[in-house]
Amino acid sequence: MNILLTGGAGYIGSHTAVELLEAGHRVITADNYSNSSPEALERVERITGRHVTAYDIDITNTDRLCDIFAHEEIDAAVHFAGLKAVGESVKDPLRYYRNNLDGTISLLEAMKLYGVKRLIFSSSATVYGTPEKLPFTEDMKLGPCTNPYGWTKLMSERIITDYAASDPEFSAILLRYFNPVGAHPSGLIGEDPKDIPNNLMPYISQVASGRLDKLHVFGNDYPTKDGTGVRDYIHVVDLARGHRAALEYCAEHKGVQAVNLGTGVGYSVLEMVKTFAAVSGIDIPYQIEGRRDGDIAESYGDPSKALELFGWRAGLGPEDMCRDTWNWQKNNPNGYDG
Ligand code: NAD
Ligand code: WQD
């Protein structure tokens, strides 16, 4: 298949590109590099020995997006492009609504014009809001979301669902990721935050490399196993495999399905710190701080629908996640900037 990856140069997009190229698909990316580097795609080519057709465009520009559809025979799209920093979305909500919602609408318009009927969307467990019970299952009520970023995901799910209802031939999977971490085992691609990381794993790895002096643990008074926040971390290579499986399912089925991609198991902040220290051999100094605004105590999903629908389950555990994060960080202390 010829598969368009919006946001294909990003963290999850680049890993999915590897997976799709290795499965024999052709990959076309549309990215404005607002949070990524073209270097990631060169590394994808190095890992796979295959070519990526890369377009430098803002996908909210529907005319330019349509040019891609006019030149490439696109069979399916995977929609990664979006802004994703939760705190930034609270400070600058209009930028988030404009970019993330316009991007989704623009892509659907181009797909409609060119008769492309298969879409995989990067949604997030954040659409569930604060849990009434765990694990999260796809049939649970959604929202209210705790920040504008989360609302853009919930609203994009709605937009895609309404569009699909207008076209009985359309097929979409809304993949609700839990906490993606890790990197490709080659150490050539990984997560490359532009500023001080907001997320736990990149923060830990920058402490390990000496770029940051210690981890701030946001709260140890949650009703969890050790008082620190519990999350369903999922290795990005497992996640990439999930996209491939979802695309294959999409080719055979119509309609919209929301599907969790997680391991189903939650680990605490301190468990991740200990695992990282054990696999890297480096002590991770940390300090307990107050809770971070908007955080929930625990989040983990039931991943059984992905297994039932398209035979996917996560195979990698916390040791793999920490080992591969560290391998990427130590080989690329400044990310793609060398
Ligand atoms: P990322 O920032 O690394 O990748 C997103 C890519 O989209 C970047 O390359 C960026 O340059 C590009 N982009 C953004 N706006 C664009 C636009 N208007 N036009 C063209 N390109 C644009 O993020 P990621 O971690 O790879 O996440 C991919 C998707 O998965 C995002 O939609 C994100 O919201 C979603 N998601 C991520 C996580 C996570 O924790 N990483 C969790 C759940 C969902
Ligand atoms: C994990 C745990 C923190 C940093 C976010 C988004 C979510 C999704 C994934 C896109 C929590 C603790 C963290 C630190 C810490 N993204 N922590 N010190 O908040 O679960 O999810 O990324 O959809 O929408 O909200 O991930 O990695 O930030 O935090 O103690 O410096 O680590 O409190 O318990 P989160 P995270």
Side-chain angles (χ1 to χ4, degrees), residues 5-16 29-38 40-41 55-61 64-65 78-87 89 95-96 98-104 106-107 121-128 145-147 149-150 152-153 156 175-181 189-194 196-204 206-207 212 214-220 222 224 228-234 236 239-240 243 261-262 266-270 272-273 286-300:
L5 309 190
T6 73
Y11 171 47
I12 303 169
S14 56
H15 288 82
T16 303
T29 59
D31 202 304
N32 63 359
Y33 308 113
S34 56
N35 195 40
S36 57
S37 162
L41 296 175
Y55 288 88
D56 179 355
I57 68 150
D58 186 323
I59 63 153
T60 63
N61 183 332
R64 296 210 54 202
L65 190 58
V78 188
H79 181 30
F80 296 105
L83 300 172
K84 64 163 183 177
V86 168
S89 81
R95 184 165 160 245
Y96 272 69
R98 173 66 77 191
N99 190 73
N100 292 4
L101 298 185
D102 263 10
T104 299
S106 179
L107 176 63
F121 174 59
S122 292
S123 191
S124 167
T126 194
V127 299
Y128 293 115
C145 299
T146 50
N147 55 74
Y149 164 74
T152 70
K153 289 294 167 192
S156 287
L175 291 178
R176 294 179 182 155
Y177 313 153
F178 280 73
N179 285 61
V181 296
I189 55 172
E191 190 170 11
D192 181 19
K194 294 257 186 253
I196 295 178
N198 298 307
N199 298 113
L200 180 67
M201 285 300 279
Y203 205 106
I204 293 178
Q206 291 195 15
V207 171
L212 296 168
K214 62 176 177 243
L215 172 71
H216 304 271
V217 175
F218 301 138
N220 69 346
Y222 285 109
T224 58
T228 64
V230 164
R231 296 292 182 271
D232 184 345
Y233 296 97
I234 166 135
V236 65
L239 205 62
H243 289 74
L261 288 188
Y267 290 92
S268 73
V269 174
L270 293 182
M272 294 307 280
V273 168
Y286 65 84
Q287 183 174 315
I288 307 290
E289 313 263 342
R291 294 180 179 191
R292 181 172 67 177
D293 275 356
D295 268 358
I296 55 179
E298 282 196 276
S299 165
Y300 54 93

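Remember, it's 1-based here, ligands and their atoms both numbered in the order they're listed. Just so it is clear, the structure is predicted and the values come from calculations on it, not from any experiment.
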Open item on the list: Using a 6.0 Å cut-off, check whether atom CZ of Phe218 has over 12 heavy atoms from anything other than its own residue.
Closed with: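 For Phe218, atom CZ is crowded (more than 12 foreign heavy atoms under 6.0 Å).
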- [ ] Take atom CG of Asp293 as the centre, draw a 6.0 Å sphere, and report whether it contains more than 12 heavy atoms from other residues, nucleotides or ligands.
- [x]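 Atom CG in Asp293 is not packed in, count stays at 12 or less.
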Could you identify the single nearest non-hydrogen protein atom to [atom] and state the distance to 0.1 Å?
atom                    : result
atom 38 (C) of ligand 1 : Pro180 CG, 3.9 Å
atom 16 (C) of ligand 1 : Asn32 OD1, 3.5 Å
atom 5 (C) of ligand 1  : Gly82 O, 3.8 Å
atom 25 (O) of ligand 1 : Lys84 NZ, 2.8 Å
atom 6 (C) of ligand 1  : Gly7 CA, 3.6 Å
atom 1 (P) of ligand 1  : Asn35 ND2, 3.8 Å

TODO: State, with a plain yes or no, whether a side-chain heavy atom of Glu191 is found less than 4.5 Å away from one of Val236.
DONE: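 No, their side chains stay 4.5 Å or more apart.
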Task: ligand 2: protein residues within heavy-atom distance under 4.0 Å - done: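 Protein residues near ligand 2 are Val86, Ser124, Thr126, Tyr149, Asn179, Asn198, Asn199, Leu200, Tyr203, Leu215, His216, Val217, Phe218, Gly229, Arg231, Tyr233, Val269, Arg292, Asp295.
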Task: side chain to side chain contact (heavy atoms under 4.5 Å, CB included) assessment of Lys84 paired with Asn198 - done: CA-CA 11 Å; Lys84 64 163 183 177; Asn198 298 307; over 6 Å; no
So, the side chain of [X] versus the backbone of [Y]: is there a donor-acceptor pair under 3.5 Å, distance only?
X     : Y      : value
Ser37 : Tyr33  : no
Asp31 : Ala9   : yes
Asn35 : Leu83  : no
Tyr11 : Pro193 : no
Asn32 : Ser34  : yes
Thr29 : Gly8   : no

Distance under 4.0 Å to a non-hydrogen atom of [X]: what atoms of ligand 1 satisfy this?
X      : answer
Tyr33  : 11 (O)
Gly10  : 3 (O), 4 (O), 9 (O), 26 (O)
Ile57  : 19 (N), 20 (C)
Ser122 : 29 (C), 30 (O), 32 (O), 35 (C)

Open item on the list: Counting only heavy atoms closer than 4.0 Å, does ligand 1 sit against the backbone of His79, its side chain, both, or neither?
Closed with: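 Near ligand 1, His79 shows nothing, with every heavy atom at 4.0 Å or more.
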Task: Structural part of Ser123 in contact with ligand 1, heavy atom criterion under 4.0 angstrom - done: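 Answer for Ser123: backbone.
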Open item on the list: Would Ile12 count as a polar contact of ligand 1, with the cut-off being nitrogen or oxygen pairs under 3.5 Å?
Closed with: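 Ile12 vs ligand 1: N/O contact under 3.5 Å present.
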Open item on the list: If I apply the N/O under 3.5 Å rule, does Glu191 come out as touching ligand 1?
Closed with: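 In this structure, Glu191 places no N or O atom under 3.5 Å from an N or O of ligand 1.
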Open item on the list: Within 45 degrees of the ring normal and closer than 6.0 Å to the centroid, is that where the cationic atom of Arg291 sits relative to Tyr222?
Closed with: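 Yes, Arg291 sits over the ring of Tyr222.
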Task: Partner residues of Ala81 under the side chain to side chain contact (heavy atoms under 4.5 Å, CB included) criterion, sequence neighbours left out - done: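 Only Thr6, Ile59, His79 meet the side chain to side chain contact (heavy atoms under 4.5 Å, CB included) criterion with Ala81.
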Task: Lys153 to ligand 1, any heavy atom closer than 4.0 Å - done: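 Contact check Lys153 vs ligand 1: positive.
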Open item on the list: I'd like to know whether ligand 1 has Gly8 as a neighbour, heavy-atom separation below 4.0 Å.
Closed with: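 No, that is not the case, since the closest heavy atom of the residue is not under 4.0 Å from the ligand.
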TODO: For atom 35 (C) of ligand 1, state which one of Phe80, Tyr11, Phe121, Tyr149 supplies the nearest heavy atom.
DONE: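 Closest candidate by heavy-atom distance is Tyr149.
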TODO: Would you mind finding which of Asn99, Ile59, Thr16, Asp31 brings a heavy atom closest to atom 9 (O) of ligand 1?
DONE: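 Looking at heavy atoms only, the winner is Asp31.
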Open item on the list: So, using salt bridge (Lys or Arg N to Asp or Glu O under 4.0 Å) as the criterion, who are the partners of Asp102 when residues are at least two apart?
Closed with: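 Applying salt bridge (Lys or Arg N to Asp or Glu O under 4.0 Å) to Asp102 gives Arg98.
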- [ ] Under the ring-ring contact (aromatic ring centres under 6.0 Å, His included) rule, collect the residues that match up with Phe178, sequence neighbours excluded.
- [x]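 Counting only residues at least two positions away or on another chain, Phe178 forms no ring-ring contact (aromatic ring centres under 6.0 Å, His included).
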Open item on the list: Please verify the inter-ring angle class for His216 with Tyr203; under 30° counts as parallel, over 60° as perpendicular, anything in between as tilted.
Closed with: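 Rings of His216 and Tyr203: perpendicular, as their planes differ by over 60°.
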